[in-house]
Structures are given as structure tokens and as C-alpha cells.
Amino acid sequence: MVDAKAVKELRELSGAGMMDCKKALIETDGDMAKAVEFLREKGLALAAKKSGRKAQEGVVEAYVHGGGRIGVLVEVNCETDFVARTPEFKELAHELAMQVAAMNPSYLAREDIPQEVVDKERSILVAQAREEGKPDKILDKVVEGRLEKFFEQACLLEQPYMRDGSKTVQALVNESIAQLGENIMVRRFVRFETGQAD
């Protein structure tokens, strides 16, 4: 038998539904930390299942920082206007806008980076590695590792989340999908900074 207080506590910790919390506690013999992990794993699987569903509702979140020096607009979509109006969804959109303001990504995802930009970055990294005296046999591995770092900095969804560097922005979105039960997509963003060229 699972204690109702434990179910309530797990619900507050995870944001998952009561029945899911009860099941997680049963599966983990009442271990709160394991139950949270169980729900996270289940949530990520749920997020993967929902990723194919249409997300055409949502919000455009505006965020202005530094006394009007930096401004961001982010469009975040979900499946229903009901979810779009929830505080949790609005909070996600706000967090994403703050992430763009703070971390200044150039692209949403790596698929959005033009191939010529990737090729140019790769050639720069090859030249740097050669300049550092890296042997040819490990050159490709070194360059691929550094290219991954480039994607991590340039792509919003691959960036470490500013409040918790142990997860990416995509992981944050996946957690919201699990919590809200709908597909959520970051559609696009734009960032303005005074005195910065286009």
C-alpha cells in the first residue's frame, strides 16, 4: 500500500499525475528518488511518442533584458489552446526567451545550420588542430568533438539549460511534454541587441 502523503509529495516534486505518481512509488517500493527517476524516464518516452503530433496552438513570448538593451521573441507551440494558457506552458516559453537572451544561440537546431556554415567551421577546426600539432590519425575525432561543441553553443535546443547545466534545452522541453501531456515545439526565435549588426 502506498502512502497518500508520499503520492502528494511526489506529485509536487514531479508535476506528474496522481495515478502516475502512485504507480511510480509502487514500482520503486516507495523510494522517492527512484520514483522521480522512474517518472522522468517514463516522461521522456512519452515525449518521444508525442513528437509526431501537430502543434499549432501556443504563444509568442517577449522578453526584454538590460533596461531595453536586449529583446527576444520566441514562438512555442503546443496542441491545444487549453495547454497554451496554462501557467506551466507560459513559464516554459518565458524560460526559453530568457535562455535566448542570455546564451545568444544562432540557430534553433543543427538541421537549421546551412551546410556551408558547417563546412567552414569544420575547415577552421581542422586548421586549428593541425596548428596544435594533432596527429592525422586522431584529427577527425578531435574535429568531430569540437564540432559537437560548436553545435552545443550555436543551437538553442542543444545548449545547456541556463538554470541547470546538467540538461539541455531540449530536455527541458521534453519534461514539459511529459508534464503537460502534449507535443510542444519551439518554432522560432529572434534576438535583438542594441548596436549589434544583423
Side-chain angles (χ1 to χ4, degrees), residues 1-55 57-59 61 63 74 76-103 105 108-111 141 144-187 189:
M1 188 67 193
V2 178
D3 180 23
K5 279 186 193 168
V7 173
K8 185 175 185 238
E9 185 184 341
L10 181 57
R11 179 172 164 67
E12 286 168 3
L13 274 173
S14 67
M18 293 296 262
M19 294 309 291
D20 288 334
C21 290
K22 185 175 179 181
K23 183 179 179 193
L25 286 165
I26 290 168
E27 292 286 326
T28 59
D29 295 323
D31 184 317
M32 193 62 68
K34 285 182 181 172
V36 169
E37 193 61 34
F38 176 87
L39 286 171
R40 286 186 69 196
E41 287 169 9
K42 185 178 178 204
L44 294 179
L46 185 68
K49 271 191 220 169
K50 292 186 183 291
S51 68
R53 296 184 2 196
K54 282 195 180 176
E57 297 295 329
V59 296
E61 176 70 17
Y63 176 70
V74 176
V76 186
N77 298 133
C78 58
E79 295 173 44
T80 64
D81 63 340
F82 172 77
V83 164
R85 291 192 307 263
T86 62
E88 295 84 1
F89 185 81
K90 289 178 178 172
E91 178 64 20
L92 172 66
H94 185 68
E95 288 294 306
L96 292 168
M98 286 175 58
Q99 176 85 20
V100 171
M103 304 305 287
L108 180 61
R110 69 172 66 190
E111 301 80 49
K141 273 191 175 176
E144 286 309 310
R146 291 179 182 179
L147 202 53
E148 283 300 313
K149 284 281 183 209
F150 165 74
F151 291 136
E152 215 175 86
Q153 290 174 340
C155 304
L156 173 62
L157 295 176
E158 295 191 33
Q159 287 182 335
Y161 174 41
M162 64 182 179
R163 293 193 195 277
D164 178 0
S166 70
K167 63 182 166 189
T168 64
V169 171
Q170 183 63 62
L172 175 71
V173 172
N174 289 347
E175 286 174 8
S176 294
I177 292 170
Q179 182 184 8
L180 296 169
E182 286 194 5
N183 186 23
I184 296 171
M185 290 180 63
V186 184
R187 183 78 62 200
F189 68 87

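Residue numbers count from 1 along this sequence.
Here the side chains of M185 and N183 are in contact, with some heavy-atom distance below 4.5 Å. Contact annotation: the side chain of E158 never approaches that of Q170 to less than 4.5 Å [non-hydrogen atoms, C-beta and beyond]. With contacts defined as side-chain heavy-atom distances shorter than 4.5 Å, the pair E95/M162 qualifies. In this structure, R163 and M98 have side chains that are in contact, with non-hydrogen atoms separated by less than 4.5 Å.
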Got a list of side-chain donor-acceptor pairs under 3.5 Å for residues 84-93, not counting sequence neighbours?
unit_1 : atom_1 : unit_2 : atom_2 : d
R85    : NH1    : D81    : OD2    : 3.2
T86    : OG1    : V83    : O      : 2.7
T86    : OG1    : F89    : N      : 3.3

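One finds a salt bridge joining E175 and K167 here, because a Lys/Arg side-chain nitrogen approaches an Asp/Glu carboxylate oxygen to under 4.0 Å.
Side chains of Q159 and T168: a donor-acceptor N/O pair is absent below 3.5 angstrom, by distance only.
Scanning all heavy atoms of the two residues, the minimum distance from E182 to I177 falls at O-CG2, 3.3 Å. Summarising the geometry of A97 relative to Y63, their closest heavy-atom pair is CB-CB, 3.7 Å, with the distance given to 0.1 Å. Between A6 and M32, the shortest heavy-atom distance links the atoms O-CE, 3.6 Å. Of all heavy-atom pairs spanning G165 and P160, the tightest one is O-CB, 4.0 Å. The nearest pair of heavy atoms linking A109 to L157 is CB-CD1, 4.3 Å. The minimum heavy-atom distance linking F189 with V74 is given by the pair CB-CG2, 3.9 Å.
For the atom pair E152 CD and R110 CZ, the distance stands at 9.5 Å (nearest 0.5 Å). Rounding to the nearest 0.5 Å gives a distance of 8.5 Å between CD of Q179 and CD1 of I184. Rounding to the nearest 0.5 Å places CG of L172 at 6.0 Å from CG of L96. Between F150 atom CZ and C155 atom SG the span is 7.0 Å, to the nearest 0.5 Å.
Looking only at distances, a side-chain donor or acceptor of N77 sits under 3.5 Å from a matching main-chain atom of E57.
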